[in-house]
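In what follows, a structure is listed as C-alpha cells, so that the remarks can point back to it.
Protein chains get the first letters and strands the later ones, always in sequence-line order, with residue 1 at the start of each.
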Number of protein chains: 2
Amino acid sequence: MSTEDLLRLDLQLCFPLYAASRAMVQAYTPLLAKLGLTYPQYLVMLVLWETDGVTVKELGEKLYLDSGTLTPLLKRLEALGMLRRERSKEDARSVTASLTPQGRALRRKAASVPEAIVCRTGLTLEELARLRRDVLKLFEKLSK
Amino acid sequence: MSTEDLLRLDLQLCFPLYAASRAMVQAYTPLLAKLGLTYPQYLVMLVLWETDGVTVKELGEKLYLDSGTLTPLLKRLEALGMLRRERSKEDARSVTASLTPQGRALRRKAASVPEAIVCRTGLTLEELARLRRDVLKLFEKLSK
DNA sequence: CCCAATTCAATTGCGCGCAATTGAATCGAG
DNA sequence: CTCGATTCAATTGCGCGCAATTGAATTGGG
C-alpha cells in the first residue's frame, strides 16, 4: 500500500471509527431523550447504577473523562435531580456523586435501551461481542 | 444474557467504540499539531487533497457533518491560509472550498501521519482492514 | 512537625457536533 | 411567468472533550 493510498479517507480506520461512534450516539439519542439524558450523562448513570457513591476521579478512570468534562456534567445531573454531589469527609479534596431516589428509579426506564440498540445494529450477539472485543483491543493499544 | 448484563457498561459495544474513537483522535493530535490542524480539520484536508474545490454540502456528505460544524471549521482553515471559500457562480446558494498553494503543499508534511498511526495501533494491515470493514458495516446499519 | 511535592476538583478557553432556525437562491408545478 | 416548496450556507444555542491553569487539601521525606 502506497503513502498515497494511506492518505485516502476511505481506506483509513480512524474515520469509520469516528463516524460509527457518532452514529452510535445518534442511535441512543432519541431513546435517552425520553429519560432526559444525553449519552455522556447516561454513561455516568450506568456507572452509578452499578456502583453508587463514586468520586469524580473514579468516574474519570472508568469513563476516561477528566474533571473539565465531568464537573459541569455532574452539575447538570444534579440540577436534574438525579444525584447529589458532596465533598468527601475523609478527603476534602474529592467529591462524591450519589444517586437520589429519582436517579435510582430511572434505571428501570433505562432497562429497555440496550436491547433497542442491539436490535438497531442488526448484528447478532456473537458479532457484537467479537466487534466489541476487537475495538477494545484497539483501544488498549492506543491507551499505552 | 439478562437485561441486567446488557445494562453493564463493560458489556456494551457503544462505550468501547466511543472510547476507542476518542483515543484514536488523541493519537492523531500531536502529529496533526505539527501541521497546525485538528482532527476534523485534517479530515476536511483529506477530502480536498483528493478532490479540490468541493462545496460545503459535498463535504458534509463525505464526512457526515452539517453546515453548523463545517462553516466555522472552514473559516478557521481559511484564516490559517489553507483554503479559500467562495460562493459558487452557477448556484449562489452553495459555497466552494478550494486549496491554496499552502494548503496543497501541506499534503507532503501530512504524508507520514497515516503510517505513524498504523504503527501506533500495533495491528497488522490485515487486522486493521478487517476491523475497518466490520466498523463500516456497523456504521451502515446505524445510518439506515 | 514542617513544608515542598502531590493529588484532587474546579475553572477557563476553545473547537467541535448537532438540533433548530434563518434567510437567500433556486426549482418546479400550474 | 409566478409563487410556494425546496435547497443551500450561516447562525444560534448548548453540551461535550480536553489542554492548561488554579487553588485547596493531603502526603511524605527530612
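With rounding to whole Å, B/Asp66 atom CG is found 11 Å from D/dA9 atom P. Atom-to-atom, OH of A/Tyr18 to C1' of C/dC18 comes out at 11 Å; the value is rounded to the nearest Å. Rounded to whole Å, atom C1' of C/dC8 lies 12 Å from atom CD of A/Glu58. Taking atom CD on A/Glu86 and atom P on D/dA25, their separation rounds to 17 Å, with Å as the unit. Rounding to whole angstrom units, OH of residue A/Tyr39 and C1' of C/dG17 are separated by 16 Å.
Listed by residue number, A/Glu90, A/Asp91, A/Ala92, A/Arg93 are the residues of residues 87-97 of chain A with a heavy-atom contact under 4.0 Å to DNA chain D. Within residues 70-85 of chain A, the residues that place at least one heavy atom under 4.0 Å from DNA chain D are, in residue-number order, A/Leu73, A/Arg76. In the region residues 20-38 of chain B, proximity to DNA chain D at under 4.0 angstrom, judged on heavy atoms, holds for B/Arg22, B/Gln26.
A salt bridge links A/Glu61 and A/Lys57; the closest N-O separation between the charged side-chain nitrogens and carboxylate oxygens is under 4.0 Å.
What you find for A/Arg120 and B/Lys141 is that their closest heavy atoms are NH1-O, 3.7 Å.
When the nearest nucleotides of DNA chain D are assigned to B/Glu61 and B/Gly68 by heavy-atom distance, the more 5′-ward of the two goes with B/Glu61.
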Quiz: residues 24-35 of chain A side-chain donor-acceptor pairs under 3.5 angstrom, not counting sequence neighbours:
unit_1  : atom_1 : unit_2  : atom_2 : d
A/Tyr28 : OH     : B/Gln12 : OE1    : 2.9
A/Thr29 : OG1    : A/Val25 : O      : 2.8

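B/Leu138 places a side-chain heavy atom less than 4.5 Å from the side chain of B/Leu17. A/Ser21 has its side chain within reach of B/Tyr18: a pair of non-hydrogen atoms, C-beta onward, lies under 4.5 Å apart. Residues A/Arg132 and A/Val135 form no side-chain contact, since every pair of their non-hydrogen atoms from C-beta on lies 4.5 Å or further apart.
Candidate nucleotides D/dG17, C/dG17, D/dA10 were compared by shortest atom distance to the side chain of B/Pro40, and C/dG17 ranks first.
Formation of a donor-acceptor pair under 3.5 Å by the B/Thr100 side chain with backbone atoms of B/Gly81 is found in this model. The backbone N or O of B/Ser98 lies less than 3.5 Å from no partner atom in the side chain of B/Arg84, so there is not a single donor-acceptor pair.
Within the model, atoms CG of B/Leu142 and NZ of B/Lys137 stand 12.0 Å from one another, a figure rounded to the nearest 0.5 Å.
Residue pairs meeting the salt bridge (charged side-chain N to carboxylate O under 4.0 Å, His left out) criterion with at least one member in residues 68-80 of chain B, sequence neighbours excluded: B/Glu78-B/Arg85.
Shown here are the side-chain hydrogen bond (donor to acceptor under 3.5 Å, both in side chains) partners of B/Arg93, two or more places apart in sequence or in another chain: B/Asp91.
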